Amino acid sequence: MAGITGRTVLIVGASSGIGAEVARRLGQGGNRLVVTARRAPELAVLAKDIRASGSACLELPADAMDPQAAAQVVASAVAEYGSVDVALLNAGQGPDMSMDDVSVADVSRVMALNYDVVVNYLVPLIAQMGDQAHGGLIAHTNSLAGLMGIPRQGPYSAAKAAARTLIDAARVELAPRGIRFTSIHPGFVATDRVNADSLPKPFQVSTERAARHVIRALEKEPPQAYFPWATSALVRTLRALPTSVSSAILRSLASR
Ligand SMILES: NC(=O)c1ccc[n+]([C@@H]2O[C@H](COP(=O)([O-])OP(=O)(O)OC[C@H]3O[C@@H](n4cnc5c(N)ncnc54)[C@H](OP(=O)(O)O)[C@@H]3O)[C@@H](O)[C@H]2O)c1
């Protein structure tokens, strides 16, 4: 797809950060936006901006951790606009969490926040897009932290890795039905949430720059997209090294 225009685009996790910026930019392209997250007031402001820039917009406050609510969002999008052409599953959160200071419930909560929220949309979207003559694109905002276990981000790394693996399998299975899948792996992005924690953030990029990368991925539809270049190269190099070496490097980076 060259340029996202004239499409029905569902963005899950659109009330702030990367999702809100992507929604605003796609709103300038003559699309039909369906935006969802839990915070209704933020969604209402976003939807007003999108309509003002010339796109149709349906805002649907919903908790992505609730499977029925997620299925209802997909159904409402189809009832309003007839199809979902592109879905960006962007809801997620990576709290600062050391493994010597977590409860089992903490780890389960991070899994729900980053994995269940994907599954709850993936299943109804596959059903919907499988029935569409043109199929559709399902993109997920994953993370470079999903490519390996990052110190103080272990539960988040694990949840994002699980989502990537699930989507990798779906990509192979559903290609014959015209459903494409893109996993997008950002490094650190200067959103309000991330700025509020004390984690080191090497090579951090602005929310605007991250949104440009995400939209490029939606246009080009690579199976995996990585940005920024420097963090991506660092993570991919660490992955190629023996675990004893990469662990020592990560330990040294984490102690700075
Ligand atoms: N910022 C980074 O450095 C970075 C790096 C790599 C990957 N990412 C990923 O990028 C995505 C966006 O993160 P961000 O940094 O832009 O943070 P953000 O501003 O906190 O955005 C997260 C979005 O997800 C929504 N959300 C969270 N839980 C939800 C739920 N249960 N149901 C519905 N919506 C939910 C939030 O809205 P409500 O709170 O209103 O529900 C918000 O709109 C996340 O998946 C994150 O893991 C971020």
Side-chain angles (χ1 to χ4, degrees), residues 1 4-20 22-24 26-27 29-51 54-93 111-142 162-163 166-167 169-171 173-184 214 218 221:
M1 188 188 298
I4 309 281
T5 183
R7 306 279 159 170
T8 300
V9 184
L10 166 65
I11 302 183
V12 181
S15 58
S16 61
I18 300 168
V22 169
R24 282 203 166 79
L26 292 182
N31 290 295
R32 298 170 293 277
L33 271 294
V34 180
V35 292
T36 180
R38 291 164 301 183
R39 286 171 291 171
E42 282 79 354
L43 284 182
V45 171
L46 174 68
K48 199 170 160 212
D49 290 351
I50 290 170
R51 286 184 205 108
S55 284
C57 185
L58 180 66
E59 81 260 34
L60 299 169
D63 187 346
M65 288 203 278
D66 176 346
Q68 274 88 36
Q72 188 54 52
V73 166
V74 174
S76 299
V78 174
E80 184 75 12
Y81 297 130
S83 66
V84 177
D85 306 316
V86 178
L88 175 63
L89 308 184
N90 175 74
Q93 199 182 326
M111 184 58 87
L113 271 170
N114 291 283
Y115 179 76
D116 294 4
V117 293
V118 175
V119 175
N120 291 342
Y121 276 93
L122 206 52
V123 172
L125 280 167
I126 287 171
Q128 171 58 32
M129 288 181 177
D131 284 344
Q132 294 175 180
H134 58 286
L137 171 68
I138 301 176
H140 172 228
T141 314
N142 202 294
L166 185 69
I167 286 173
R171 180 183 303 109
E173 290 179 24
L174 291 157
R177 296 182 69 188
I179 309 178
R180 291 98 59 205
F181 294 86
T182 290
S183 288
I184 303 168
V214 170
L218 298 181
E221 304 186 3

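Because the structure is a prediction, the values reported are computed rather than measured. Hydrogens, waters and symmetry mates are skipped; everything else that's a heavy atom, side chains included, is used.
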Rounded distance (nearest 0.5 Å) linking atom [atom1] of [X] with atom [atom2] of [Y]:
X	Y	atom1	atom2	result
L125	L174	CG	CG	11.5 Å
Y115	L122	OH	CG	8.5 Å
L137	M129	CG	CE	7.0 Å
L33	L58	CG	CG	10.0 Å
F181	I138	CZ	CD1	4.0 Å
R24	I50	CZ	CD1	7.0 Å

If you compare all heavy atoms of [X] against all heavy atoms of [Y], which two are closest, and at what distance to 0.1 Å?
X	Y	answer
A40	P61	CB-CG, 3.7 Å
C57	R51	O-NH2, 2.9 Å
A77	V34	CB-CG2, 3.8 Å
T5	G29	OG1-O, 2.6 Å
A62	A69	CB-CB, 4.3 Å

Between [X] and [Y], is any pair of side-chain heavy atoms under 4.5 Å apart?
X	Y	value
L10	L88	no
I11	V22	yes
I4	V9	yes
V35	L60	no
D66	N120	no

How about [X] and [Y]: does a side-chain donor come under 3.5 Å of a side-chain acceptor?
X	Y	answer
Q132	Q128	yes
Q72	S76	yes
R171	T182	no

Consider side chain to side chain contact (heavy atoms under 4.5 Å, CB included). Of N90, V117, T36, which one does V12 pass it with?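 So, applying the side chain to side chain contact (heavy atoms under 4.5 Å, CB included) to V12 and each of N90, V117, T36, only T36 qualifies.
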So which of R32, R180, R7 actually passes salt bridge (Lys or Arg N to Asp or Glu O under 4.0 Å) with D85?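 Per the salt bridge (Lys or Arg N to Asp or Glu O under 4.0 Å) rule, the option paired with D85 is R32, out of R32, R180, R7.
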Just by modelled atom types, is the L26 backbone N or O under 3.5 Å from a matching donor or acceptor in the N31 side chain?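 Yes.
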Spell out, as yes or no, whether a donor-acceptor pair under 3.5 Å connects the side chain of S15 to the backbone of R39.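 Looks like no, no N/O pair under 3.5 Å.
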Is K48 salt-bridged to E59, going by a charged N under 4.0 Å from an acidic O? no
